[in-house]
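What you see is a predicted model; the values in this text were computed from it and never measured.
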Amino acid sequence: MSENLRSGNTVSRDQAAVMNVDLQCVKNNTEHHTNQITVERLIVRRGQAFSLTLSAKRLDPDDVQVTAETGPGASEEKGTLSSCSTDPKRCSSVRKPWSLKVWSGSASSVTLSVLCPSDACIGQYSLRLRSGSCTGQAVLAVLFNPWSEDDGVFLPSEAERREYVLNEQGILYKGVDEYITNSSWDFGQFEEDILDICLKMLDVNPKCLKDAPEDYSARCNPVYISRVVSAMINSDDDKGVLMGQWDGTYIGGVLPSSWSSSVDILRRWIKYDCHPVKFGQCWVFAAVMCTVLRCLGIPCRVVTNYQSAHDTDQNLVVDEYFSDYGVRPKRNLDSVWNYHVWVESWMKRPDLSQDSFYDGWQVLDPTPQERSSGTYCCGPAPVRAILEGHTDVKYDVPFVFGEVNADKITWLVMANGSKKKILSDTKTVGQNISTKAVGSDSRQDITDQYKHPEGSAKERAVYDEAVKRVTGLKESETPRPSVQMKLSLDGAPLNGADIRLTLLVKSDSSKAQDLTLKMSAQVMRYTGNPAASIWSYSTDLQLLPNTEQSLPFTLPFTAYGPKLMDNNCIKVSVIASDKSQGQVYLVEKDVVPHSPELNVTVGGTPLQDSEMSAEVMFLNPLSSPLRNCSITLTGSGLLKQTEQSSTVELGPGQRITLKVTFKPYRVGPRKLVANFDSSTFKDIKVSVDINVRPSLNGFLSFRR
């Protein structure tokens with residue numbers, strides 16, 4: 001970055017006509033909600049005026065001109081150059097023009113109010129200033145403005161602006177729909193170097209490399225910017241930030257579950273010349289994208305969808321297959337993920353309708369799943385379009401609709417290759433769609449924003465409408481089976497202990513049925529793909545008419561423990577066959593064993609630049625040793641860098657401890673995030689809230 005960008009004052013090189021430019025960074029950045037980034041350089045939001053003071057030996061307050069330009073080949077035609085003056089006849093711009101007012105002026109000092117229009121391109125600008133015979137230069141950065149009613153990202157609620165633009169800490173939701181887990185994430189969008197990294201990301205995107213003037217011209221549009229960022233978070237087509245990895249091998253990189261901060265990832269990307277950081281999975285992609293959008297001024301939140309369908313052919317039906325011995329094949333193009341994480345951003349969609357029907361939250365998904373117009377990106381897809389089944393609306397609405405409301409068809413594949421339809425499920429896909437609540441750490445369920453109540457007439461009508469707009473067909477109904485099965489847990493499943501379950505089998509038939517039960521358990525990746533088979537059992541059961549019978553069974557830790565890898569759960573499946581009637585029935589359950597406890601304590605008074613301490617401790621609860629144990633500690637505004645313990649082996653009942661002293665360097669609510677990792681227990685996280693107050697010395701200095 002140039003030194004001029006960091007400077008609050010710049011001086012023209014023409015020593016015969018020197019003009020000093022005071023950018024009033026403290027005042028302007030505070031008023032524009034960018035002072036958390038820095039007050040050493042000017043960062044403003046479009047659609048809102050900022051102040052400049054010009055000083056020289058001889059100025060003319062009635063003759064002031066400002067020219068603003070951004071990007072290579074800046075031009076009025078592309079909206080990347082605009083001139084404004086005290087003389088309206090000398091102002092020029094194709095889009096809304098920049099404008100200025102003189103608040104006060106004399107022969108030696110002029111104070112201006114400069115307005116950057118609400119449709120200006122975001123990014124770094126150069127300003128050329130002239131008054132009388134004096135000239136000067138300055139640089140500034142322009143961001144989107146959720147506080148301006150004229151900006152396409154205007155968000156009316158101040159509480160929501162604080163949450164979705166200004167909050168640097170967040171919560172990500174994972175697990176399964178019956179056992180939702182959460183972990184803290186450090187977005188850190190106001191760390192001082194993050195803005196420059198985000199602008200660099202825009203500059204190395206393929207559209208900019210192909211035609212930079214056109215790309216800079218399009219940076220006025222949040223729809224365009226969000227789509228570019230969605231593509232640039234993954235590295236599949238470009239110099240994107242993160243390389244995805246889902247096969248369980250992470251040699252040469254970091255396990256996705258080890259990350260807890262976007263700042264670490266973005267800094268690593270820029271440090272190594274925009275080479276992709278290894279490795280990411282959906283929640284990491286989404287969290288980093290949230291950081292970038294909030295940094296640029298687009299309101300954003302991270303969203304988790306449970307039982308999330310990946311519909312590869314986008315016919316709004318997900319096909320799943322079981323072999324006749326009761327387990328899933330290794331790979332299937334369609335799948336249902338335990339959970340999938342994306343982001344929503346808030347913006348108007350004038351490209352879709354003249355009214356505001358599609359305005360508001362838009363789904364954006366940076367995880368590389370399917371191509372969109374030839375590129376691995378997704379969205380922005382209006383949440384309103386998904387709710388109403390408008391699958392002919394851009395961008396990528398059919399794919400997102402399928403994620404939250406596809407029907408699931410399960411097939412049994414016989415040894416001879418033939419297949420039999422055994423289940424049609426219209427209700428499972430899209431459960432407990434979750435995001436962090438505004439102003440608190442509680443979970444907000446937003447499923448009703450994506451679909452009408454599951455199984456209702458309205459929900460089925462919307463589904464039929466969505467299918468019709470995509471395929472022109474209507475899905476047929478499937479009759480209710482005469483045998484229902486349910487799997488339930490007997491108590492919370494603890495990682496390190498045997499897991500006990502019960503199978504309930506109920507008959508609606510008036511006749512006795514002889515069933516063959518094939519039970520199995522597989523360790524699954526959260527993407528719905530099997531990693532390893534760990535247990536199987538077969539038995540016969542005579543099911544009496546109109547009765548319910550139970551069958552308890554146990555999954556031993558010795559079977560699942562060595563196979564339960566990073567972010568994997570256990571999928572228990574039971575296939576019941578009634579050969580006399582030729583009927584096959586299926587039930588499944590996802591089990592996520594609960595992790596042991598990680599403890600963190602904090603000491604000291606939370607004052608800026610005052611010393612505090614933190615201690616993180618983990619106790620090995622197993623009767624066997626834990627290998628490769630380590631603890632890391634992160635926190636924007638608290639720790640300048642990630643702290644990490646040495647790697648050790650922990651015997652049964654032994655502890656590992658990390659002690660750190662630190663001085664908070666930014667005020668406001670902060671999160672300290674601790675992570676424990678080992679060969680057996682992967683990335684157990686815990687966080688503590690720290691509300692940092694201004695130091696007494698700083699307060700006294702301010703009072704003076």
Side-chain angles (χ1 to χ4, degrees), residues 5 28 32 34 42-50 52 64-101 112-130 137-154 195 198-229 231-232 292-293 295-298 345 347-352 354 359 380:
L5 184 57
N28 288 324
H32 285 249
T34 62
L42 183 58
I43 305 171
V44 302
R45 299 187 186 274
R46 63 186 197 173
Q48 183 176 344
F50 59 94
L52 301 175
V64 180
Q65 184 170 5
V66 176
T67 300
E69 62 179 79
T70 182
S75 69
E76 293 181 9
E77 179 184 2
K78 293 190 177 299
T80 50
L81 185 147
S82 178
S83 295
C84 56
S85 171
T86 47
D87 180 359
K89 295 180 181 179
R90 297 170 63 185
C91 298
S92 61
S93 179
V94 172
R95 297 178 185 163
K96 294 179 182 177
W98 289 57
S99 60
L100 65 85
K101 293 180 180 178
L112 306 174
S113 174
V114 181
L115 178 63
C116 171
S118 58
D119 66 346
C121 304
I122 66 159
Q124 183 176 322
Y125 277 77
S126 297
L127 293 184
R128 299 195 304 273
L129 304 107
R130 188 190 63 76
Q137 295 181 357
V139 290
L140 74 159
V142 174
L143 306 178
F144 291 107
N145 192 353
W147 284 264
S148 170
E149 293 186 16
D150 296 328
D151 198 305
V153 301
F154 172 65
L195 174 57
C198 294
L199 296 179
K200 177 69 172 180
M201 185 186 303
L202 299 183
D203 288 346
V204 299
N205 96 80
K207 294 180 179 179
C208 186
L209 297 177
K210 181 180 179 180
D211 188 343
E214 196 64 37
D215 175 80
Y216 270 78
S217 176
R219 294 184 187 183
C220 62
N221 186 352
V223 173
Y224 177 84
I225 289 289
S226 64
R227 196 157 169 80
V228 166
V229 173
M232 284 301 298
V292 174
L293 293 182
C295 180
L296 298 177
I298 299 177
S345 61
M347 64 186 70
K348 295 177 181 177
R349 292 302 302 271
D351 58 318
L352 300 182
Q354 295 301 311
D359 293 355

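- Formation of a donor-acceptor pair under 3.5 Å by the N145 side chain with backbone atoms of R46 is found in this model.
- Scored by the salt bridge (Lys or Arg N to Asp or Glu O under 4.0 Å) test, D351 finds R349 as partners (sequence neighbours excluded).
- With values rounded to the nearest 0.5 angstrom, K210 atom NZ is found 11.5 Å from N205 atom CG.
- The heavy-atom pair separating L195 from A141 by the smallest distance is CD2-CB, 4.1 Å.
- Every residue meeting the side-chain hydrogen bond (donor to acceptor under 3.5 Å, both in side chains) condition with S217, not counting sequence neighbours, appears here in chain and number order: R95.
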Tabulate below the donor-acceptor pairs under 3.5 Å that side-chain atoms of residues 221-229 make, not counting sequence neighbours, or state none.
from	atom 1	to	atom 2	distance (Å)
N221	OD1	V223	N	2.9
Y224	OH	D215	OD1	2.5
S226	OG	P222	O	3.0
S226	OG	V223	O	3.0
R227	NH1	S372	OG	3.4
R227	NH1	G379	O	2.6
R227	NH1	D396	OD2	3.4
R227	NH2	S372	OG	2.6

Next on the checklist: side chain to side chain contact (heavy atoms under 4.5 Å, CB included), that's the test. Do C116 and Q48 meet it? Break it down for me.
Outcome noted: CA-CA 6 Å; C116 171; Q48 183 176 344; over 6 Å; no
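- Although no hydrogens or angles enter the test, the distance criterion places no donor-acceptor pair under 3.5 Å between the side chain of T34 and the main chain of V44.
- In this structure, CG on L199 lies 7.0 Å from CD1 on I122, to the nearest 0.5 angstrom.
- In this structure, W98 and Y125 have tilted ring planes: the angle between them lies in the 30° to 60° band.
- Proximity of L112 to K101: side-chain heavy atoms (C-beta onward) are nowhere separated by under 4.5 Å.
- Checked by atom type and distance alone, the side chain of T80 pairs as donor or acceptor with a backbone atom of S75 at under 3.5 Å.
- A donor-acceptor pair is defined here as one N or O able to donate and one able to accept, closer than 3.5 Å; such a pair exists between the side chain of R45 and the backbone of F144.
- Of the possible polar contacts, one joining the S85 side chain to the V64 backbone as a donor-acceptor pair under 3.5 Å is found.
- I298 and S345 get closest at one heavy-atom pair: CG2-CB, 3.8 Å.
- Of all the heavy atoms in F154 and P146, the pair that sits closest is CD1-O, 3.1 Å.
- Rounded to the nearest 0.5 angstrom, L42 CG and L52 CG are separated by 7.0 Å.
- Legend: residues meeting side-chain contact (heavy atoms from CB on, under 4.5 Å) with P213, ordered by chain and number and at least two apart, are K78, D211.
- Counting heavy atoms of neighbouring residues, nucleotides and ligands inside a 6.0 Å radius, atom NZ of K200 does not exceed 12 of them.
- Of all heavy-atom pairs between C121 and G79, the closest is SG-O, 3.8 Å.
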Next on the checklist: Is there a side chain to side chain contact (heavy atoms under 4.5 Å, CB included) between L127 and V66? Walk through the geometry before answering.
Outcome noted: CA-CA 7 Å; L127 293 184; V66 176; 4.1 Å; yes
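- F50 has its side chain out of reach of L115: every pair of non-hydrogen atoms, C-beta onward, lies at least 4.5 Å apart.
- For C198, the side-chain contact (heavy atoms from CB on, under 4.5 Å) test picks out I194, V292, C295, L296, with sequence neighbours left out.
- Applying the salt bridge (charged side-chain N to carboxylate O under 4.0 Å, His left out) test to pairs two or more places apart or on separate chains, those with a residue in residues 119-129 are E69-R128.
- Here CZ of R219 is found 4.5 Å from CG of L202. Values are rounded to the nearest 0.5 Å.
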